[in-house]
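Shown next, in structure tokens, is the structure this report addresses.
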Amino acid sequence: MEQLDKIILGDNQFFGINHRSQEKAEEMLKRFGNIDNIFEVYDNAFECGVKAVMLNSNEKAMAICDRFRANKSKYGDIAWYPSIPYAYKYANMVNELGIFPALNEAIFKGNSAKGVLGMMAKGVTLAVTKDAMKLMEMLIDVEYKMFRDLNVKVFFLQNIITDLMLGYNVKAIFEHYAEYVRKKYKVTPGFVTLNMPYLKSKLEEWGIEDVVICSSINAAGFNMHPSKEEYEKVIAANDPSKYQLMAMNVLASGSITVKESFDYINSLNIQSVVFGASSKGHIKSTVEAIKLK
């Protein structure tokens with residue numbers, strides 16, 4: 001399994017996501033409506049030594065990816081950690097169009113004739129066998145297309161899907177997702193979750209290894225389910241050769257200081273940290289504070 005970048009810049013700040021302050025979320029949404037302001041943050045991060053980014057496949061991601069692709073001489077060495085799907089996009093489509101028109105819009109829009117024919121071949125199999133795994137492959141292909149020609153290291157399944165399928169104990173989804181992205185795209189599969197201890201126990205039970213698990217890990221215990229203590233126990237016993245662990249929400253949406261956060265994170269058996277920041281000073285202080293084992 002490929003070694004993770006220890007420090008990754010996340011994207012919540014670009015899309016008005018703040019779990020504790022709606023006012024701050026709206027302020028960020030307005031500021032980062034201009035893509036130039038987004039790239040100012042990226043450039044500041046890269047100047048501070050960050051060499052990797054995490055990006056969800058939301059409505060602004062295509063423009064961001066296009067600019068990275070158009071400036072390969074400048075950004076070619078940046079590692080990518082995309083996460084899919086942007087569930088709200090599909091939910092809104094279903095609400096506006098209905099389930100079958102929504103699938104048509106998601107799968108066929110913007111694809112070449114060759115790409116559509118390939119998807120149609122899978123679709124025939126879907127129609128005949130009712131194989132939900134083929135539908136999942138089609139949607140993965142659509143989402144991955146956004147990140148084409150970029151240096152993707154890990155391809156994450158977002159927690160809204162991970163935790164739903166985990167709740168239903170659906171082994172096949174996890175198994176097939178991991179196998180598909182590993183074989184077709186030659187990248188490491190990853191899962192974002194709000195319950196890392198349970199997810200890891202199920203992956204072990206199912207024999208699914210060599211994956212990355214990304215979850216909230218912070219000194220405040222924010223979004224760490226079932227408990228901070230259970231996380232600490234599982235993290236301490238983890239074998240990174242089988243499951244690499246990535247911490248997100250490390251500042252608990254700004255409720256704890258950088259020092260408090262990384263005094264805690266640096267003491268753990270964690271392989272990588274993804275964090276969000278919008279100012280160069282904040283990025284610099286965070287990068288300097290991260291000293292993973």
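The figures here come from the full heavy-atom set of this structure, side chains too, leaving out hydrogens, waters and symmetry mates.
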Look at the side-chain heavy atoms of Ile, Leu, Val, Met, Phe, Trp and Tyr, link any pair under 4.5 Å apart, and say whether F46 and I283 land in one connected group.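 Shared cluster, yes.
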
Hydrophobic cluster membership, with links at side-chain heavy-atom distances under 4.5 Å among I/L/V/M/F/W/Y: are V273 and I256 in one?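 In one cluster with V273: I256, no.
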
Distance from [X] atom [atom1] to [Y] atom [atom2], nearest 0.5 Å?
X	Y	atom1	atom2	result
K242	K200	NZ	NZ	8.5 Å
I173	I161	CD1	CD1	9.0 Å
T257	D263	OG1	CG	7.5 Å
M248	S216	CE	OG	4.0 Å
N159	L164	CG	CG	10.5 Å
I270	M246	CD1	CE	10.5 Å

Which atom names give the shortest non-hydrogen contact between [X] and [Y], and what distance separates them?
X	Y	result
P82	V152	CD-CG1, 3.7 Å
I78	A52	CG2-CA, 4.3 Å
M224	I217	SD-CA, 3.9 Å
L55	C65	CD2-SG, 3.9 Å
K145	R148	O-NH1, 3.0 Å
I64	I35	N-CD1, 4.0 Å

List the steps and the verdict of side chain to side chain contact (heavy atoms under 4.5 Å, CB included) for V187 and R182. CA-CA 5 Å; V187 299; R182 205 190 308 273; over 6 Å; no

Would the distance check show the side chain of [X] and the main-chain N or O of [Y] forming a donor-acceptor pair, the cut-off being under 3.5 Å?
X	Y	answer
T188	V154	no
K171	E205	no
D163	L194	yes
D239	S241	yes
N58	A61	yes

Beyond-backbone contact of [X] with [Y], side-chain heavy atoms, under 4.5 angstrom:
X	Y	answer
H176	E137	yes
N238	Q271	yes
K51	D77	yes
N218	L251	no
P197	P226	yes
D11	V53	no
L245	I235	yes
P85	V142	no

Between S215 and V192, does the side chain to side chain contact (heavy atoms under 4.5 Å, CB included) criterion hold? Intermediate values first, please. CA-CA 6 Å; S215 192; V192 183; over 6 Å; no

Run the side-chain donor-acceptor check on residues 1-10: report pairs under 3.5 Å with partners two or more places apart or on a different chain.
unit_1, atom_1, unit_2, atom_2, d
D5, OD2, Y81, OH, 2.6
D5, OD2, K153, NZ, 3.1

Set out, in order, the CA-CA distance, both residues' side-chain angles and the distance that settles salt bridge (charged side-chain N to carboxylate O under 4.0 Å, His left out) for D43 and K280, then state yes or no. CA-CA 9 Å; D43 288 339; K280 188 169 185 178; over 6 Å; no

Side-chain donor-acceptor contact under 3.5 Å, [X] with [Y]:
X	Y	answer
N195	T193	no
S278	Q13	no
K284	N44	no

Aromatic ring pairing F191/Y177, orientation class (parallel under 30°, perpendicular over 60°, tilted between):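 Correct class here is tilted.
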
Using the test ring-ring contact (aromatic ring centres under 6.0 Å, His included), find all partners of Y198 that sit at least two apart in sequence or belong to another chain.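 In terms of ring-ring contact (aromatic ring centres under 6.0 Å, His included), with neighbours along the sequence ignored, Y198 is linked to no residue.
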
Can you list the residues that meet the ring-ring contact (aromatic ring centres under 6.0 Å, His included) rule with F68, with sequence neighbours excluded?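 In terms of ring-ring contact (aromatic ring centres under 6.0 Å, His included), with neighbours along the sequence ignored, F68 is linked to F39, Y42, Y75, W80.
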
List the steps, then state whether side chain to side chain contact (heavy atoms under 4.5 Å, CB included) holds for F174 with M165. CA-CA 8 Å; F174 293 90; M165 293 299 101; 3.8 Å; yes

Can you list every pair that meets ring pair (Phe, Tyr, Trp, His ring centres under 6.0 Å) and has a residue in [range], with sequence neighbours left out?
range	value
residues 224-257	none
residues 133-161	Y144-F155, Y144-Y185
residues 252-293	none

Might you work through the side chain to side chain contact (heavy atoms under 4.5 Å, CB included) test for L199 and T162, ending with a clear yes or no? CA-CA 9 Å; L199 173 62; T162 298; 4.1 Å; yes

